[in-house]
Amino acid sequence: MISITLPDGSVRAFDGAVSGADIAAAIGPGLAAAALAMRADGVLMDLKAVIDSDARVEIVTGDSEDALELIRHDAAHVMAEAVKELYPETQVTIGPAIENGFYYDFARPTPFTPEDLEAIEARMREIVERDEPIERELWDRDEAVTLFEKMGERYKAEIIAGIPSGEAIALYRQGDFVDLCRGPHLPSTGKLGKAFKLTKLAGAYWRGDSNNEMLQRIYGTAWADKKQLADYLHRLEEAERRDHRRLGREMELFHFQDEASGMVFWHPKGWTLYRLLVDYVRRKLDKAGYVEVNTPQLVDRTLWEASGHWEKFGEHMFTIEADDRTLALKPMNCPCHVQIFRQGIKSYRDLPLRMAEFGSCHRDEPSGALHGLMRVRAFTQDDAHIFCTHEQITAEAAAFCELALGMYRDFGFTDVAIKFADRPPGRAGSDAVWDRAEAALEAAAEAAGIGYTLNPGDGAFYGPKLDFVLRDAIGREWQCGTFQVDFVLPERLDASYVGEDGERHRPVMLHRAILGSIERFAGILIEHYAGRFPLWLAPVQAVVATITRDGDAFAAEAAESLRAAGLRVELDTSNEKIGYKVRLHSVRKVPLLLAVGKREAADRTVSIRRLGGADQEVLALDEAVARLVAEASPPAA
RNA sequence: GCCGUCGUAGCUCAGUGGUAGAGCGCAUCCUUGGUAAGGAUGAGGUCCAGAGUUCAAUCCUCUGCGACGGCACCA
């Protein structure tokens with residue numbers, strides 16, 4: 001007798017070993033038809049897998065996370081089967097489920113074309129129609145290697161050869177297609193359904209290593225039903241609509257051009273946004289006890305050699321030869337800040353010293369990495385380095401977390417995840433130093449009372465870090481802030497202070513940024529707000545638009561009053577109807593439109609229309625100015 | 001950097017081996033209007049750059065530059 005406990009707590013008894021399909025059938029024919037897989041004692045398994053002892057079992061059906069994972073994984077297999085049928089000379093490699101979909105990497109001499117993609121998708125639909133049973137088989141490792149070698153599947157054979165000898169290997173077979181796979185899978189290809197679509201072609205390195213050959217990757221998306229698929233495609237459109245490169249052009253914020261690849265030409269409106277961000281950060285840092293500095297753009301390579309950056313990142317620095325010396329455009333600010341710290345003798349009484357700089361940096365990023373404002377070659381960090389004692393790390397970390405989270409809130413980012421990144425493979429400093437740095441940062445994170453997840457091996461080369469990841473208005477994640485503990489650089493660049501005991505000590509350096517790069521943060525904000533900035537950040541806050549020429553003089557006066565009160569205002573007396581002006585300035589995403597016609601001019605009022613709103617509010621000019629000024633005041637003003 | 005796609009008017013994009021088009025925008029004129037596009041006329045192009053094939057190249061080939069989608073990278 002075997003007792004199977006179901007999620008509702010009920011228990012069913014079976015005479016002997018049972019499969020998930022048996023259990024589903026015992027519960028009801030509806031469930032048996034809908035069943036895709038099962039979760040037995042927490043482990044996701046094939047529906048056909050057999051259970052021979054008591055267990056808690058949940059039948060997985062089409063509307064769960066598990067089901068989506070299975071559907072996507074199967075979609076990858078069905079795609080590989082379709083490719084092998086259409087292009088038998090192609091070798092298969094790996095094909096996992098990923099967020100929103102799946103991909104499969106293929107090896108073949110000639111690349112796929114978009115027409116191939118259509119053919120493959122059509123064949124996939126046929127395979128779903130065929131409803132081929134998906135069978136799991138266990139093979140001996142060496143026999144499996146031989147099998148795939150015979151099939152000419154060199155990559156699969158290589159993967160299997162990497163699995164310890166003697167271990168059983170799971171193969172999945174559907175129709176004539178066999179693939180190495182851990183599983184689990186759907187019972188048959190028909191269960192995949194119709195809600196999938198191949199989305200793009202791309203190159204990808206074998207085993208993710210740029211020293212290896214390039215494979216052909218096909219991406220697809222797959223969902224439980226057509227509505228989910230349509231929703232997803234709609235989300236993609238929404239993201240495209242928000243693309244900061246497009247909005248940047250449409251809203252006249254910035255542009256790029258060939259002669260300065262990866263560097264921004266900020267236009268007046270974009271630069272207004274940029275300045276507002278810098279001004280905001282400066283006010284926050286002033287309040288938080290930071291001092292601001294500014295350091296040279298060009299610094300001799302010997303400093304970068306001393307800091308360790310030359311060895312690690314020298315290839316990505318822009319350099320200039322002058323007077324028999326090599327100067328590098330600074331890729332970061334920390335070594336320069338240490339130089340300021342080293343001037344004169346520092347006492348423990350000077351610590352913590354919080355040294356901030358809107359540090360303009362240049363990095364020769366690989367051409368393929370460039371992406372609008374998000375990845376550029378010239379940018380400015382809201383950078384700061386806190387020089388402090390070991391004992392002060394905890395309090396500084398806590399204060400930083402509070403400052404950063406508060407600033408993110410001011411931009412409407414309330415969902416912030418924190419990741420703890422520990423020692424990377426290529427690093428400076430001894431293990432003992434890393435032990436201390438990681439322990440200190442961990443204690444600081446605990447003290448700050450923030451929850452975090454572990455991100456192993458992703459620390460900076462000189463120390464562990466906390467990374468702050470923001471979730472934007474449409475659910476995408478952006479890593480912005482960082483807080484890094486560094487025991488290495490002060491040593492390398494010989495920073496010291498005199499302690500209470502009269503001896504010299506090494507300070508700890510805390511590298512920290514909140515927005516990260518101003519350029520990138522501006523890009524994130526453009527997408528987060530879809531160009532509809534809150535009033536305090538809008539490059540143009542209001543347009544005063546006339547309805548007839550009778551309003552021209554008073555409209556000019558109204559615009560001037562608002563401007564004098566500190567608002568960013570434009571005047572539109574153009575020869576167009578008010579409907580046209582409303583549309584024009586709505587498309588430009590100006591938050592406020594103040595209409596002035598015959599009535600307003602006579603009464604000294606303005607008719608206020610808010611972006612996206614349907615109605616208007618008529619206010620006396622003086623009152624409107626007072627109200628809007630109050631409304632437009634930035635946080636932390 | 002690697003794989004693929006692409007580069008035509010300010011923007012979005014058609015198009016052709018015989019030097020080119022649309023919509024929007026822009027300019028001028030008519031129109032003075034009440035909350036998401038009033039009408040007419042007009043200007044505007046080294047078809048990314050260089051080399052090659054050809055009687056002839058924006059179109060075909062090669063090289064370079066840049067952009068886009070991924071991969072790799074990201075102090």
Side-chain angles (χ1 to χ4, degrees), chain A residues 103 105 110-114 199-219 243 245-246 249-250 252 255-262 304 307-317 330-335 361 363-372 374-377 381 383 424 426-428 458-463 465 479 482 484 486 489 511 513 516-517 520 545-552 573 575-588 593-600 607-616 618:
Chain A
Y103 68 78
D105 287 345
T110 52
F112 289 111
T113 65
T199 51
K200 56 195 166 197
L201 285 163
Y205 296 110
W206 167 235
R207 294 187 184 253
D209 184 335
S210 57
N211 296 313
N212 290 343
E213 61 270 38
M214 176 97 20
L215 306 171
Q216 306 285 325
R217 176 171 298 180
I218 303 178
Y219 282 95
D243 191 312
R245 293 166 300 185
R246 173 201 187 115
R249 193 169 42 240
E250 288 174 359
E252 303 176 279
H255 86 272
F256 290 92
Q257 67 185 51
D258 294 4
E259 290 82 353
S261 166
W304 306 110
S307 70
H309 290 99
W310 189 266
E311 191 197 347
K312 197 134 177 53
F313 298 106
E315 281 181 22
H316 297 294
M317 291 189 202
K330 70 171 168 179
M332 55 182 341
N333 310 298
C334 26
C361 297
R363 296 177 183 177
D364 192 2
E365 301 284 5
S367 58
L370 301 178
H371 183 89
M374 303 306 188
R375 189 83 178 267
V376 288
R377 290 192 172 128
Q381 294 174 311
D383 200 7
R427 58 181 177 266
D458 201 39
F461 77 86
Y462 47 72
K465 58 180 183 170
Q479 185 172 315
T482 190
Q484 311 175 351
D486 180 4
L489 265 191
H511 305 240
S517 127
R520 181 164 172 272
T546 50
I547 294 166
T548 63
R549 269 204 286 274
D550 303 323
D552 283 9
T573 54
N575 179 15
E576 297 290 351
K577 293 190 178 181
I578 190 65
Y580 182 91
K581 296 185 186 184
V582 166
R583 178 172 192 280
L584 175 67
H585 301 297
S586 297
V587 167
R588 293 175 64 212
L593 184 94
L594 313 189
V596 172
K598 211 178 265 186
R599 290 201 297 271
E600 286 80 6
S607 167
I608 303 176
R609 181 189 204 278
R610 287 169 191 275
L611 178 57
D615 42 349
Q616 300 105 48
V618 178

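Only this structure's heavy atoms are used, side chains among them; waters, hydrogens and symmetry mates stay out. Throughout, protein chains are lettered first and strands after them, A, B, ... in sequence-line order, and every chain is numbered starting at 1.
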Between Lys598(A) and Asp243(A), whichever has its closest RNA chain B nucleotide further toward 5' is Lys598(A)
Separation of atom CD in Gln257(A) from atom P in rG66(B), rounded to whole Å
13 Å
Less than 4.5 Å apart, side chain to side chain, heavy atoms only: is that true for Glu576(A) and Lys581(A)?
yes
Counting only Watson-Crick or G-U wobble pairs whose two distances fall under 3.5 Å, which nucleotide matches rA20(B)?
none
Give the B/S/- string for nucleotides 70-75 of chain B, one per nucleotide from 5' to 3', where a protein heavy atom under 4.0 Å of the base yields B, of only the sugar-phosphate yields S, and otherwise -.
BBBBBB
Paired with rG34(B) by Watson-Crick or G-U wobble geometry, both distances under 3.5 Å: which nucleotide is it?
none
Expressed as a whole number of angstroms, how long is the span from Phe256(A):CZ to rG7(B):C1'?
18 Å
What nucleic acid atoms does Lys581(A) come within less than 4.0 Å of, heavy atoms only: base, sugar-phosphate, or nothing?
nothing
State, yes or no, whether a side-chain contact exists between Pro335(A) and Lys330(A) at a heavy-atom distance under 4.5 Å.
no
Give none if rA56(B) has no partner; otherwise give the nucleotide forming a Watson-Crick or G-U wobble pair with it, both distances under 3.5 Å.
none
Within a 6.0 Å radius of atom CD on Gln257(A), are there more than 12 heavy atoms belonging to other residues, nucleotides or ligands?
yes
Using side-chain heavy atoms (C-beta onward) and a distance below 4.5 Å, is Ile547(A) in contact with Lys598(A)?
no
Pairwise 5' ranking along RNA chain B for Ser367(A) and Gly597(A), keeping only the more 5' one
Ser367(A)
For nucleotides 35-49 of chain B, read 5' to 3', which letter fits each nucleotide if B means a protein heavy atom sits under 4.0 Å from the base, S means only the sugar-phosphate is that close, and - means neither?
BBBB-----------
Searching all strands shown, indicate the nucleotide that pairs with rA9(B) (Watson-Crick or G-U wobble; both distances under 3.5 Å).
none
Would you say the side chain of Ser261(A) lies within less than 4.5 Å of the side chain of Glu365(A), judging by non-hydrogen atoms?
no
Does any nucleotide pair with rC26(B) by Watson-Crick or G-U wobble geometry, both distances under 3.5 Å, and what is it?
rG42(B)
Scanning both residues in full, the closest heavy-atom pair of Gly372(A) with Val376(A) reads O-CG1, 3.1 Å
Salt bridge or not between Asp209(A) and Arg207(A)? Use side-chain N to carboxylate O under 4.0 Å.
no
Watson-Crick or G-U counterpart of rC68(B), or none if no pair lies under 3.5 Å
rG4(B)
Side-chain N or O of Thr548(A) closer than 4.0 Å to phosphate OP1/OP2 of rG33(B)
no
Sequence neighbours excluded, the answer for ring-ring contact (aromatic ring centres under 6.0 Å, His included) partners of His511(A) is His385(A), Tyr462(A)
Name the nucleic acid region contacted by Arg249(A), choosing base, sugar-phosphate or nothing; use a 4.0 angstrom heavy-atom cut-off, strictly under.
sugar-phosphate
Check His371(A), Glu250(A), His255(A) against Arg245(A) for a side-chain contact (heavy atoms from CB on, under 4.5 Å) and give me the one that passes.
His371(A)
May I ask which nucleotide in the shown strands pairs with rA51(B), Watson-Crick or G-U wobble, both distances under 3.5 Å?
rU61(B)
